[in-house]
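For reference, the structure is listed below as structure tokens.
Here the structure is a predicted model, which is why all the values come from computation and not from measurement. In what follows, chains carry the letters A, B, and so on, assigned in the order in which the sequence lines appear, proteins first and then strands, with residues in each chain numbered from 1.
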2 protein chains.
Amino acid sequence: MYIESGLNFVKAMPSAVMGQPVGLGSLFTRLPAEHLCAGKILFMEGDVAKSLFEIVEGSLRLYRILGDGRRVITGFLHAGDILGISFNSHYVYTAEAITPVTIRRLSKKAFEAELADSADIRPLVFQQMSDEMVQAQDQMVLLSTKNAEERLCTFLLKELQRALKNGAVQPIVQLPMTRLDIADYLGLTIETVSRTVTKLCSKGVTAVSGRHSVKILKRAMLAHLAGDGDECEEIQRTVPAQAGRLRH
Amino acid sequence: MYIESGLNFVKAMPSAVMGQPVGLGSLFTRLPAEHLCAGKILFMEGDVAKSLFEIVEGSLRLYRILGDGRRVITGFLHAGDILGISFNSHYVYTAEAITPVTIRRLSKKAFEAELADSADIRPLVFQQMSDEMVQAQDQMVLLSTKNAEERLCTFLLKELQRALKNGAVQPIVQLPMTRLDIADYLGLTIETVSRTVTKLCSKGVTAVSGRHSVKILKRAMLAHLAGDGDECEEIQRTVPAQAGRLRH
DNA sequence: CGCCCCCTTGATGAGATTCAACTCCAGTGG
DNA sequence: CCACTGGAGTTGAATCTCATCAAGGGGGCG
């Protein structure tokens, strides 16, 4: 039941039906906006962590580069998300603009002062971090057990849920990132992503229009192919122990 | 550079050379010990999260069960680790004893009261959560890019570092969990784990004695096979952008 | 218009899973 | 004391999914 998409963030306005943000986004309201061009790096893995950011507009990818040059994308961020909450001295991943991006920047010092002073925001921060952890575990489940089709369907479904939550009426998903980004996020190759998209379209589950837009034609089918089943609950509560086995 | 092993915990005594715990473990010092037999479940995914736990003795596995019965182990916990810090109302994974386990239990209510009252422990909690997040991302990297040998070597190396940190003099790793546990943790099958262990032994990198003990004969070789390279840094700082591609 | 990058599609191969048989060991009970 | 049993682990052979290598399409932007 975790319908947020991407890692390392929560919505800035968890319950703001309209108007003022009521969540962590409130920390940023008075701050000036900054702009980044597509492809620009906001911060790099290893940099001293001096700031937190609210994404006002646009999308970013978060990734780590391995010694041999492989890249792992740990999440995508979109408008309303908050980025950089951490109590490590250095960033552990790189944040890079996918599209032109508008952000607001809050110094870590100011954030920590706020955290010490204002008891109100602490629960929000804890909640944010807990949510990120749940996201991370969902991604671990995806990476350790799901096949290519399940991975892509899970991804599309999550993006669809985000779109609908943000007020979309059409079941259309915008994918600002490239196929390579998706591949590096899902632990696949670009070719496999491409083939799997093609397969979903030929099954009538989805239809692409242009490179960065996918229409979901059969949502129930997509959810089924995503493989989460009921994700536990009833069945498991009656048969707790053994488990394990059963293919990967 | 993250030498802790397992997810969802930090050492209870990060800098306690001897004697009193100085970290989050201090929250538990006055609490009575409880015991669990091997195989007993401490709490289940979906249960209302009422408590936090300190592991005094023994080992646990944390896992989620998927709709189709597949199991994903998200981490192992050992003596000194702390478990259950979350701000979700329900546990998102199951915790089960691998060996006989001794724990101390702190009610979530008491914990949150402490958190509100005592400014001293808040940084420790934030740090714990940040560390867990780093662990989770390391695991994502492992699952999305590493092959069977790299996964197993990474796992053994981490366990070795934990053993040495805890005062072990011999380079011997105790593995209380079964091969199936390891497989479900590394996203492999039990057969692949078994074959890979055999291969490492025949290479002279390791030697097994019994089912639950592995001696590391060539640590440098093990680290090399773990595949983390230098895990970024120098090279990456000079060639930031493009990346991607380069096998999985 | 033409170039470049992104994406798609095809052919092939490697690594992991699957299925199956067998070994080893611990615990049980005769 | 030893045979029996069942769970855990190992090993082998066949299969399959996805990565890799290679070539070709197509859209956007100069």
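- One finds no side-chain N or O of B/Thr198 lying less than 4.0 angstrom from the OP1 or OP2 phosphate oxygen of D/dT10.
- Each of A/Arg211 and A/Ala148 lies near DNA chain D, and the nucleotide nearest A/Ala148 is the one positioned closer to the 5' end.
- If you take NE2 of A/His212 and C1' of D/dG28, they are 11 Å apart, rounded to a whole angstrom.
- Of all nucleotides listed (D/dA19, C/dT9, D/dT11), C/dT9 comes nearest to the side chain of A/Ser194.
- Protein atom CG of B/Leu180 is 15 Å distant from nucleotide atom C1' of D/dT10, rounded to whole Å.
- A distance-only check finds no donor-acceptor pair linking the side chain of B/Ser59 to the backbone of B/Thr99 [under 3.5 Å].
- Taking only side-chain nitrogens and oxygens, B/Thr189 comes nearer than 4.0 Å to OP1 or OP2 of C/dT17.
- Counting any heavy atom pair closer than 4.0 Å across all strands shown, B/Thr178 reaches sugar-phosphate atoms only and no base atom.
- Residue B/Lys146 contributes atom NZ, which lies 24 Å from atom P of C/dA14 at whole-angstrom precision.
- The distance from atom CD1 of A/Ile190 to atom P of D/dC18 is 17 Å, rounded to the nearest whole Å.
- No donor-acceptor pair under 3.5 Å is formed between the side chain of A/Gln137 and the backbone N or O of A/Val134.
- You'll find a donor-acceptor pair under 3.5 Å spanning the side chain of A/Arg195 and the base of C/dG10, going by distance alone.
- You'll find that the side chain of A/Glu191 is closest to D/dC21, out of D/dC21, C/dT17, D/dA19.
- Distance, A/Arg151 CZ to D/dC18 P: 8 Å, rounded to whole Å.
- The distance between atom CG of B/Leu188 and atom P of C/dT18, rounded to the nearest whole Å, is 11 Å.
- Judged by distance alone, with hydrogens and angles left aside, the side-chain atoms of B/His212 form a donor-acceptor pair with the main-chain N or O of B/Leu175 at under 3.5 Å.
- Not a single donor-acceptor pair, N or O on each side, falls under 3.5 Å between the base of D/dG7 and the side chain of B/Arg179.
- When atom types are taken as modelled, the side chain of B/Ser194 and the backbone of B/Ile190 share no donor-acceptor pair closer than 3.5 angstrom.
- Within the helix from C/dC1-D/dG30 to C/dG30-D/dC1, the inter-axis angle between the opening and closing five-pair segments is 30°, rounded to 10°.
- A/Arg179 places a side-chain N or O within 3.5 Å of a backbone atom of A/Arg211 that can act as its donor or acceptor partner.
- Residues passing the salt bridge (Lys or Arg N to Asp or Glu O under 4.0 Å) test with B/Arg151, sequence neighbours excluded: none.
- Salt bridge status for B/Arg70 with A/Glu150: present, with a side-chain N to carboxylate O gap under 4.0 Å.
- Per the geometry, CD1 belonging to A/Ile182 stands 11 Å off C1' belonging to C/dC7, to the nearest Å.
- Between the CG atom of B/Leu152 and the P atom of C/dG15 there is a distance of 17 Å, given to the nearest Å.
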